[in-house]
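Both ligands and their constituent atoms are indexed starting at 1 by order of listing.
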Amino acid sequence: MVKPLLAGNWKMHGKANSATELVEQLAAHEDTFSGVDMIVFPPAVHLSAVVDALASSVIDVGGQNMSQHDDGALTGEISGAMLKDIGCDYVLVGHSERRTVFAESNNEIAEKFNTAQAQGLTPVLCVGESLQQRQQGQTVKVVTEQIAAVINQVGIENLCKGVIAYEPVWAIGTGEVATPEQAQSVHAEIRSQLGLQGADTRLLYGGSVNASNAAELFAQPDINGGLVGGASLKAQEFLNIAQLMA
Ligand code: 13P
């Protein structure tokens, strides 16, 4: 059985004080979710402080984004090596906000995935369809293309060493969560396409997860955890989610 994973994507929220307070509250209760792995993804400016605050905790830390390049004249960018150097073990790649707001392409995201692994980070590849794509029956096609771009670049074996998060765009920050059946069916499709039966690659669901809907979602056989936005900013709610997965 794959160990469940709960990840909190803070997006562009929080100040220095609130960032460290939040993780201190999570760490203070980590014995209540020992059956679950937890990662937090704070904004880049808070990463060092959060890593320090979690120095004696089992909670891992990751970046929300990174450059596909190793280094160079790229003002405003952060490399995977920099994330690793300050104590991150994970990085999100291809979040739908990066794809839509910042126009990141499947190829660029695949390059980021590749560079992340080369620099010793575990990438969490985010995939998911828009509402229009779902309504047009293109969910599986879109998700398959997003994953195939990464396979073309790194091979299936390396893809499976990462984490995949299925986040339907229409469910992100909208309060409209996918039904457990909708999420399970996409997860099962991904798992079967990758030949993941019995493998320990973790497939997360993300999109309006909270303490009220998490139990049903995480009871699905092919959902190994969650990537949580809004609800990960409230320590008690995030702890509640972790505890009901444990
Ligand atoms: P919400 O949980 O706020 O819908 O955000 C999901 C998400 O985008 C996590 O990466």
Side-chain angles (χ1 to χ4, degrees), residues 4-14 18-19 22-23 26 36-44 46-47 50 59-66 83 88 90-104 109 112-113 116 121-131 133-134 139 142-143 146-147 150 162-180 182-183 186-187 190 202-218 220 223-242 244-245:
L5 171 60
L6 181 62
N9 174 10
W10 297 2
K11 308 192 180 182
M12 198 173 74
H13 295 291
S18 64
L22 178 49
V23 290
L26 299 176
V36 176
D37 287 333
M38 183 181 281
I39 315 170
V40 291
F41 292 92
H46 302 321
L47 282 170
V50 166
I59 301 171
D60 286 315
V61 183
Q64 294 176 12
N65 181 35
M66 57 170 271
L83 293 176
C88 292
Y90 291 85
V91 65
L92 297 179
V93 295
H95 190 277
S96 73
E97 287 146 21
R98 301 297 317 172
R99 293 177 187 270
T100 55
V101 186
F102 300 96
E104 288 187 10
I109 290 158
K112 290 185 183 205
F113 191 102
L121 296 163
T122 299
V124 177
L125 172 69
C126 304
V127 296
E129 82 287 4
S130 67
L131 181 59
Q133 289 164 333
R134 172 162 283 266
T139 299
V142 169
V143 169
Q146 291 169 336
I147 293 175
V150 178
V163 177
I164 299 174
Y166 168 58
E167 298 202 298
V169 178
W170 48 272
I172 294 179
T174 57
E176 191 187 340
V177 64
T179 65
Q182 283 173 323
V186 179
H187 279 236
I190 296 172
R202 292 189 280 197
L203 303 185
L204 312 183
Y205 168 79
S208 296
V209 174
N210 58 38
S212 312
N213 58 34
E216 260 197 309
L217 285 163
F218 300 142
Q220 301 302 312
I223 302 181
N224 311 117
L227 179 55
V228 181
S232 72
L233 296 167
K234 299 173 227 153
Q236 192 52 58
E237 176 138 25
F238 201 52
L239 282 168
N240 288 346
I241 299 172
L244 58 82
M245 289 168 75

Participant: Check whether Thr100 reaches the backbone of Ser96 with its side chain - one donor and one acceptor, N or O, closer than 3.5 Å.
Facilitator: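 Pair found, side chain donor or acceptor close to backbone of Ser96.
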Participant: Identify, chain by chain and in numerical order, each protein residue with a heavy atom under 4.0 Å from an atom of ligand 1.
Facilitator: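 These residues qualify: Asn9, Lys11, His95, Glu167, Ala171, Ile172, Gly173, Gly207, Ser208, Leu227, Val228, Gly229, Gly230.
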Participant: Apply side-chain hydrogen bond (donor to acceptor under 3.5 Å, both in side chains) to Glu129 and list each qualifying residue two or more places apart in sequence or on a separate chain.
Facilitator: Arg134, Tyr166, Trp170
Participant: Just verifying a value: how many Å separate Leu204 CG and Asn224 CG, rounded to the nearest 0.5 Å?
Facilitator: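 It is 7.0 Å, given to the nearest 0.5 Å.
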Participant: Hey, is the main chain of Gly128 close enough, under 3.5 Å, to the side chain of Arg99 for a donor-acceptor pair?
Facilitator: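 Such a contact is absent between Arg99 side chain and Gly128 backbone.
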Participant: In a check of side chain to side chain contact (heavy atoms under 4.5 Å, CB included) between Val127 and each of Val150, Ile164, Ile109, Val142, which one passes?
Facilitator: Ile164
Participant: In Å, rounded to the nearest 0.5 Å, how long is the span from CD of Glu97 to CG of Asn65?
Facilitator: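 Result: 11.5 Å between the selected atoms.
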